[in-house]
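Note sheet for the following structure.
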Amino acid sequence: MSMSVIARPEHCTMSRVVALSAVCLVVLAFALDDLEVALSGAAYANKTLILTVLNKAYAEEDGLLDLFVESLRRGEGTAQLIDHVLFVAMDAPAFQRCRSFSGVRCYRLRPVDGQGDDLSSEQLYMSDGFIRMMWRRIRFLGDVLKHGYSFIFTDLDVMWLRNPFPKLHRRADEDFLISCDKFNRRPRDYAGNELNTGFFFVASNNRTVALFDEWHGARNASAGMKEQDVLNQMVRRGAFQRLGVGARVLDTARFSGFCQDSRDAAQVATVHANCCLTQRAKVADLRAVLGAATERLNGTATDLRWPAHSECAKSWT
Ligand SMILES: *[C@@H]1O[C@H](CO)[C@@H](O)[C@H](O)[C@H]1NC(C)=O
Ligand SMILES: *[C@@H]1O[C@H](CO)[C@@H](O)[C@H](O)[C@H]1NC(C)=O
Ligand SMILES: *[C@@H]1O[C@H](CO)[C@@H](O)[C@H](O)[C@H]1NC(C)=O
Ligand SMILES: *[C@@H]1O[C@H](CO)[C@@H](O)[C@H](O)[C@H]1NC(C)=O
């Protein structure tokens, strides 16, 4: 009797240690790869998902995040996509706001070691903070490819009017489909079309992993250049051919933007507030686009005439 009384607490302690270690191991595994957990939660069975990045300024009430989610909810065949979008928050306030939406998947991206960057304020186009945020994003996207996931990357200032997946049909040898500011009707003319990193599809394979590694690796040698300029420069110097990346430039008829409006209302899937400086201007002009598109999709307008992007035009002066 007395033996078992003594033995019982020991037994309890042992099992508690075992249980605690098991919990610790599980917690450790999640901490090591919380990215994998987030990616597999959002992806389709074919390991494809949609990624977008936000900071505090984008996440403010009535800002770009609200508008982006609204476009997904209102667009043609886009509401079903929300469950496959991973919203990547660059700071704590953006993460908090993201989590206040129901049915939205949020992931908190930590700063790289030793770079306690505060990127939460509005990062004005081409400011230091803007450029740092862009590079953090490229590194993150490279990590996603290394995890074996393919994705559409979309900036938050892109309105999703229709499901873009059916318009991204690609040949087996095409790894990288990317939007441009102005389309010259030659989808393989990488030098002649200014590539825009606000919207692209990338398939995960060794070629695209190498492309993103090289792209991110070029950041130091590219002081004052944003990642988009660096990609355009790499591409003009033949990076796609050298790395064997099959690439295609997307037509603005389907993947439209303020630099060049789609001429094809029946086809347009997304509208990007490119050629625009401030968030305030983007929100105003995108809201007008969304309003016009909603009328069109509801059949109350016979043809889609884009509203003038007047706030964006003024944002440069
Ligand atoms: C992955 O599957 C989804 C859902 O079936 C589909 O819409 C999408 O086009 C697929 N993506 C690729 C890259 O095949
Ligand atoms: C890259 O290539 C290696 C060996 O050829 C292969 O094991 C690996 O799965 C490939 N990775 C991707 C992302 O395709
Ligand atoms: C780029 O610069 C940072 C610090 O400014 C340094 O830690 C890093 O090793 C450099 N990377 C390359 C590829 O030169
Ligand atoms: C159509 O209009 C109604 C009412 O104005 C709106 O609630 C709905 O979201 C619209 N539908 C689409 C597909 O835009």
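One-based numbering, in listed order, for ligands and for the atoms of each.
Atom 5 (O) of ligand 1 has Tyr44 CD2, 4.4 Å as its closest protein atom, hydrogens excluded (heavy atom only). For atom 9 (O) of ligand 1, the closest heavy atom belonging to the protein is Phe165 CD2, 3.6 Å.
Between Phe258 and His309, a ring centre-to-centre spacing shorter than 6.0 Å is recorded. You'll find the ring centres of Phe240 and Phe176 inside the 6.0 Å limit.
Between Leu250 atom CG and Thr252 atom OG1 the span is 10.0 Å, to the nearest 0.5 Å.
In this structure, the side chain of Thr78 engages the main chain of Leu72 through a donor-acceptor pair within 3.5 Å.
Against a heavy-atom cut-off of under 4.0 Å, Phe201 is close to the following atoms of ligand 1: 13 (C). Near Asn46, the atoms of ligand 1 lying under 4.0 angstrom from a non-hydrogen atom of the residue are 1 (C), 2 (O), 3 (C), 8 (C), 10 (C), 11 (N), 12 (C), 14 (O).
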